[in-house]
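Every chain is numbered from 1, with letters handed out A, B, ... down the list of sequences. No experiment lies behind these values; they were computed from the predicted model shown.
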Amino acid sequence: MPDTATPSRSALKVHRIEVRPRRGQADPRGASVLRQIETLGLERRPKRVDYAAVYLLEGDLTSDEVHRIADELLADCVTQAAEIHPTDAAAKARVSPGVAVIEVHPLPGVTDPAAESVQLAIEAMLGKCVSVLTGDRYDLHGVEPKIARAIAERLLANTVIHDIHDAPYLPASFPHGRPYTLTIREVAICGLSDAELERMSRDAHLFLSLDEMKAIQAEYKRLGREPREIELETLAQTWSEHCVHKTLKSTIRYRELSGAPGSGGWSLAKSASGRPHHEPQSDGTVVIRNLLKATVAAATHELMADGIDWCLSVFVDNAGVIAFDGDWAVCFKCETHNHPSAIEPYGGSATGIGGCIRDIMGTGLSAKPIAATDVFCVAYPEIEELPAGCLHPRRVLSQVVAGVRDYGNRMGIPTLNGTVWFDNNYVGNPLVYCGCIGLLPKHLVRGEVKRGDRIIAIGGRTGRDGIHGATFSSAELTDTHADEFSHAVQIGNAITEKKALDCIIAARDHAGGPLFSAITDCGAGGFSSAVGEMGKDCGAEVHLERAPLKYNGLSPVEVWISEAQERMVLAVPADKVELLGRICADHCVEWCDLGTFGTPTDELVLIWHGTEVGRMDTHFLHDGNPMPTREAVWDPTFTAGQRFQPPKPQFAAGGRFGLSERSADIAKALEALLEHPNIASKAWIVRQYDHEVQGMSVVKPLVGPHAGPGDAAVIQPVPTSQKGLAIGNGLATGLSADPYLMVLAAIDECVRNLVCVGTDPTRIAILDNFCWPSCKDPRNLGSLVRAAEACYDGAKAYRTPFISGKDSLNNQFVTDGGVTIQIPPTLLVSGFGIVQEIERAMTMDAKRAGNLLVLVGSTHGRMGGSQFQIITGQAGGELPVTDLTVGPRTAKAVSEAIRSGVAVSAHDLSEGGLLVAAAEMAFAGGLGLDLDPTKAADGDVELHAKCFSEEPSRYLLEVAPTDRERIAKVLMGLPYAIVGTFTERPSLAIRLGNDVTEIPIDRLRERWSGSNW
Amino acid sequence: MAHVTNALVITAPGINCDLELCHAFEAAGAKVDTAHLQRLIREPAIINRYRLIGLPGGFSYGDDIAAGRVMAQLIRQSLYPALAAAIERGVPMITPCNGFQIAVQSGLLPGPDAGAGWPEEPAAPSVALTQNSAARFNDIWTRFEIPANSRCVWTRGLRCQPGTDVIPCAHGEGRFVADEDTIALLEANGQIAIRYAGGDNFNGSMGAIAGICDASGLVFGLMPHPERYTRWTQHPTWTRLDPAVRNGDTPGLRMFKAAVAHTMGVSVR
C-alpha cells in the first residue's frame, strides 16, 4: 500500500536550480517562443528569448547533494549548464539589465509530471524523499515587463493552471495540504420551493433540472431524511447529461414548421410511419420514445437482425466491438472534451485523449489501444473579433494539437486519422474529438462483476483535479467560466496511464486467465460513476479513505467525485488480489482495495474510516431520473445563434471583378481553395504525432512520394494476419443548414474515405458524435432529431452499423455583453473497417503518366455549403442530397475496381470538389494532369459546379488506358466520365475547349502546404 | 524457423516501442523475451542468458527532465556493469530512439576506446541528443547512408542507395551534439554508424549523424527506427516499389539479421 505520509518539515529548505544551454549551444525552445511571439502581432517584440528550466527542491539536502542533482541529473554535461540559487536574493540577482523575466509554475495541486519524475530519480540517486516543483523561465530581451506579461498571458501560461512570476521564484516553503477532519454535511432540500431547488442546482453546480431536483426531493421525503452532500453529488454525477444522455434518451415531441422540409425536401412527418418507436400524431407532430433507441441504435439492431453477424458488442460497453478475424476483435470509441479544451486547450485535449484511451482499456476485459484519431473544430486563425473570455483560435489549435501529441506519443499510440474544420462560431466553444481503437481477444469481449469481487483501483492518485467535470459539461460556457470552473480542468500524466495499461494487459493475459472479472475507467464522475455503474445491480461497499491521495486534506466527497486522471477500477475475485498486486508492483503501479461489490440490500454504501458517510438505493440512482417529454421544432430558417459569417470572400462569383468561366479564373479559384484552411495540408499536425509507433502502419496519413492527403489510414493490427484495419471519418458541417442532409453526407464521406484505401464496404462500422448548441431550445432539439433520423436512414442504406456514440449538447458561449454564440450543429462520423488483404490497400497518389482519370458519380450542381461558396461569398443555395440507393452502390463498385486492380489510385471528392481532388492526386504522385472539367456532368450544370461542387458519392479513380473496358464493366449502371489524363509534363492543364490554363504542379503543392504554425 | 539465438528486450515505464522491437528480432530468427527494468535491477544476472539485447524507444519515465535522463540514471546506478559485461561477452545491442538517448547518457555509447575494455564506472556522457532544431516532434522518413568505414555489426553488408533508401524517424530530441574532437575521433574510429543523407538532416544533427556504435561495433545507437521497417508494407510508398526490390528483405530487417548472424559464436551462462 502506498505511503502518503510527509516527512517532518523542520529541516526542509527549498533549493532552486536552473538549467540552460551552455554558452555556444543553440536554444531551440527560446527560438521557438520568439517565432510564436511574432504571430501575436504585438507592436513591440523581444529581440531574443532565452529559455531555462527551473527546478525547486524542498528537502533535507546537503550542498554536495544539490550539486550532484544539478550536474548529474538535471543538466546534460555536453549541452547544458546548471546554476544553483541558494537564496531568493541570489536568484533575483541573476537578471540582466534590459531583460524582462517571466517565470511560469504550475499552481499548487496541478499535476506536474516532470516533478514526479525528478522526485523518483532523486530517490533512486540519493535514497532521499524530496518534494519538487518545476517551472519555465523565459528571459525576454528588449521589452518592458508589461509587454512581457502580456506575452506570458497570451502564449506562455494559462492562469487557470499556472502562476506567472515576473522575477525568479524561490519560495521559503512549499504549500502542503492539511489533514482532513470529517464532517458529514446534510443538505436541507425537503422543505425547499421550486425556485429554491433551481437556485441550489445552479449554485452548487449540480446542473440538474427542476424535475430532477423534485424527484430527489420526493425520494428523500419518502426516506424521511435530508440527503447528505455526498449522496446529492452522486446523483448529480450519475444523472448528468454526460453520463446518461438524458436528452437523447428522452421522449420527444417533434414538429416541422409549415413549409419547412428544408432544401432536400425530407420531412419526418411524412416518413415517420414504420420507424421504430415513432408515433405520428393526428396534428402532424411525431412523438419519439427514446430518440437514441429509435434511430441510431435501431438501425444497428435491424442490421444485426438482417445478417450482420460481426458486431460483438454495441452501445453497452465503454466502446463498440466488432470481429476482426477468427481470434481477435477490435473496438472503437470517440469522445469530445470541448469545455475543458476551451479553458485550457493543452490539458483539455490531453486528458480528452487520455480518457478515450481509458475507455478502450475498460472495454470487455480490456483492449490494447492501437490507434487514435482526432478532429478539431475551431475558429479561423485570422478571426477579426475575439470576444472577451475566449482564447485566440491559433492558440487553441496549436495547444490542442500539443496536448494530443504529448499524451498520445507518450502512450505509444499512433494518432493517424483526423481533420480540422474552421468556422468562427466555434470561437468560444471549440470542439475537440478524440478517438481510440483497441484490439482484444475475441473471447474477452464481455466482463461481468461478481458479488464479492473486490473493488480494486489501479493507476494515478486521487486529488482535487477535475471536480465537477461531468456536471460542468452540462453547463454553457460564459466569459467568466475560466474562473468559475478552473477546478474542472486538469493536466494528465501519460506515463502513469502507460504503466497502468502495461499492468492491466499483463493481468488480462495472465497464464491462468484474466485476474479480473470486469473493468471500467474512472472518467466523468470519478469513482462515483465507475463504482456506481459497476455495482448497478448488486451495490457496493466503498471505503473511501483507502484511495491513495496526491496530497492531504481531501474530504470523502472529493475522493468520491474527483476526476483525477489515469485511474481504472477493476472487479477482482478475492483470491486473485494478491497476484494482481504483484503484477502492479512489477510495473511500479499503485493500487488499492476500496471495498467489495455486493451489499445485502444491493445499496451503495460509502464509508470513511469506519463511519458511514452515504447510503443510496442503486435503483433510484440509476433509474430514478425523470424523463420528461421534450419539445422539438424543425425551423429551417433558424440559425440565429450563429452570429459569425464566414470570412470575407476572396472573389465574387460572376460580374466584372468576380470569377468568370475562363480557365484562368478557374485556376485562380483552385489555388485559393488549396490554401483555404479547411483544405490545406494538415502535415504540421500529422508529423507532430508519432503515427507509426507500434510498427503497424500500412497506409499512412500522408501518402505518395510528395506526401499528399490520404483518405484514411490502414494498419496491420496483428502481425501474423494479412488483414488490415482502415480508419477514417466523415464531417459535413458545411451542410448544417439541414442536419438531415449533413449527416447523410457525413456517412457517405466516411464510407468513401474508407473505400478509397481498400476497405471492404460490407465490413464498416461507424460511430456518432453529436455536438450541438443547447438542446433546451426546441429549435436546436429539432435539428438534432433530423440528424438522428439521418443516422438511421444512412446506417441502414450503407449497411454500416453504429456501434458506439456520444453526445455533447450544450455547445455555446455567452459573451460579457450577453450575446450567445452557438456552434453550428456538428456530427462527426468516425468509421473503421476491414481491409481483407493489406497488399490490396490503395493510396490516392497518381501512379503513372498516360493513365486516365475517371470521375465516378453524378454532379447535379447543388453548391450549398461548399468551400467555393465561402471563397466567393455566396450563401444559401441548394444543399447536396445523398442518394441512398446510388451512394452504397457506388461505394461497392469503387471497392470492386480497387480489389480487382483496375483502379491504381483512388481519391474521395470532398471539400473543393473535382479540381482540388484531381490536383491533390497529381501533386502527391509527382505527375501532371490534363483535365477537362466540362466532362464532369451534362451541359446544363454550370461550369463552376462541375469544377468545385462537393456533392456526395463521387470518387476519382486512376485507370490504365488499356483498362477502359474493364472499368466500364465494373461501373456498369453508374454514372462516370473520363475527365483527364495524367502526364509527365509537371503541370495541371485546365482545358475548357480551346481555353487552356496550365499551373505548375509544384505551385499547387506549395499552395496546399503553405500554412505554417 | 528454428530459433538459433535469443534476445532480451528491456522495458520500463514509458517505453513503448518494445513490441515492434520484439517482432523485428523474431522476424530475424531470434527467440525474444522482455523484462522490466525493475526486475533486471533486482536480478541483473538475467542478462547473462541472452545473446542479443534491445533497448527500445519510447518516453521512458516520461522523458520529463530530458529524453532518457531518468532511465539513464537508473541504469548508471544499477544495470551498467551487467550490460557492459554482456558487451564484453560479444552481445550485439541495439538502442533505437529513446534507447539511443538512454545509451549516450548511461555510459554505453560511444563506449571505451578500441581494446581498452569497459570501465567499472559508467563514463560521463561525451555526446548528446538534444532538442530538434525546430523544437518540435517530427515523424518523418529520411534518406540515409552507412559510412564506408563503419565498424557497426548491425549494418554489416548493408549496401544502401543513399538517394532512395529511407528509414523512419519519430522524435523531438534527436539532434546529435558533441565537440569537434569527439566527432573527429568517432569518424576516424569507424564509429559513425549511420547518417541522414540527401539533405534530410531534419533535426539539425552535427555531421548529419543519425547513429553511432561503440568501438567494437556491437552497440548500435540510432535515432531512426529500423524495427518499424521490417515489412515492405511499412514503407511510405510501398505500393509503388518495384517488385524486384520487394523480393528482398527491408533494410531494417537486414540489420537485425546481420546481428543475429553475428551471435553464432556468443556464449551464454
Measure the shortest side-chain to side-chain distance between [X] and [Y] over non-hydrogen atoms and say whether it is less than 4.5 angstrom.
X       : Y       : answer
C17(B)  : V693(A) : yes
Q25(A)  : T130(B) : no
K700(A) : W141(B) : yes
S32(A)  : Q131(B) : no
R240(B) : V904(A) : no
K498(A) : P13(B)  : no

Quick check: closest heavy atoms across [X] and [Y], and the distance to 0.1 Å?
X       : Y       : result
F59(B)  : I495(A) : O-CD1, 3.5 Å
T239(B) : A841(A) : CG2-O, 4.0 Å
S117(A) : V70(B)  : O-CG2, 4.1 Å
F137(B) : Q688(A) : CD2-O, 3.2 Å
H36(B)  : C588(A) : CE1-SG, 4.0 Å
P125(B) : C77(A)  : O-SG, 3.4 Å

Go through the atoms of [X] and report whether side chain, backbone, both or neither lie under 4.5 Å from a heavy atom of chain B.
X       : result
E72(A)  : both
M411(A) : backbone
Y55(A)  : side chain
L120(A) : side chain
A124(A) : both
N409(A) : both

Measuring heavy-atom distances to chain A, does [X] have an atom under 4.5 Å in its side chain, in its backbone, in both, or in neither?
X       : result
L37(B)  : neither
S78(B)  : neither
Q38(B)  : side chain
I140(B) : both

(Q) Donor-acceptor pair, distance only, cut-off 3.5 Å: does the side chain of Q73(B) make one with the backbone of A121(A)? (A)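 No; judged by distance alone, with no hydrogens or angles, the pair does not exist.
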
Q) Okay, side chain of D139(B), backbone of H691(A): is any donor-acceptor separation there less than 3.5 Å? A)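 Yes; judged by distance alone, with no hydrogens or angles, the pair exists.
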
Q | Pair Q716(A), R231(B): side-chain N/O donor-acceptor within cut-off below 3.5 Å | A |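 Per modelled atom types, Q716(A) and R231(B) side chains form a pair under 3.5 Å.
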
Q: Select, from T11(B), V127(B), T233(B), T237(B), the one with the greatest count of heavy-atom pairs under 4.5 Å involving chain A.
A: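 Among T11(B), V127(B), T233(B), T237(B), the one with the most close pairs to chain A is T233(B).
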
Q. Which of the residues H225(B), Q105(B), R69(B), Q234(B) is involved in the greatest number of heavy-atom pairs with chain A at under 4.5 angstrom?
A.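 Most heavy-atom pairs within the cutoff with chain A belong to R69(B).
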
Q: Please step through side-chain contact (heavy atoms from CB on, under 4.5 Å) for the pair W232(B) and E839(A), ending with a clear verdict.
A: CA-CA 10 Å; W232(B) 286 109; E839(A) 289 283 341; over 6 Å; no

Partner chain B: residue of [options] with the largest heavy-atom pair count (under 4.5 Å):
options                           : result
P705(A), A26(A), G704(A)          : P705(A)
T843(A), V699(A), V118(A), L74(A) : L74(A)
D845(A), V78(A), V686(A), N493(A) : V78(A)
R848(A), K847(A), R687(A)         : R687(A)
P21(A), A494(A), A75(A)           : A75(A)
E692(A), R29(A), M842(A), K499(A) : E692(A)

Q. Should N16(B) and R410(A) be marked as a side-chain contact (heavy atoms from CB on, under 4.5 Å) after you check the CA-CA gap, both sets of side-chain angles, and the distance that decides it?
A. CA-CA 8 Å; N16(B) 63 29; R410(A) 278 180 169 74; 5.6 Å; no

Q. Taking atom CD of Q77(B) as the centre, does the number of heavy atoms from other residues, nucleotides or ligands within less than 6.0 Å exceed 12?
A.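 Enclosed: over 12 neighbouring heavy atoms sit under 6.0 Å from CD of Q77(B).
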
Q: Would you sort out whether I65(B) and L73(A) count as a side-chain contact (heavy atoms from CB on, under 4.5 Å), showing the intermediate values?
A: CA-CA 8 Å; I65(B) 304 168; L73(A) 179 64; 3.9 Å; yes

Q.
Please evaluate residues R228(B) and D690(A) with respect to the criterion side-chain contact (heavy atoms from CB on, under 4.5 Å), reporting the C-alpha separation (whole Å), side-chain torsions for both, the decisive distance (0.1 Å), and the verdict.
A. CA-CA 12 Å; R228(B) 288 185 191 178; D690(A) 189 347; 2.8 Å; yes

Q | Pairing residues for D50(A) by the salt bridge (charged side-chain N to carboxylate O under 4.0 Å, His left out) criterion, not counting sequence neighbours | A |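 Partners of D50(A) under the salt bridge (charged side-chain N to carboxylate O under 4.0 Å, His left out) test: R48(A).
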
Q. Using a heavy-atom distance cut-off of less than 4.5 Å, which residues of residues 170-186 of chain B contact chain A?
A.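 Near chain A, by residue number: A170(B), R175(B), V177(B), A178(B).
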
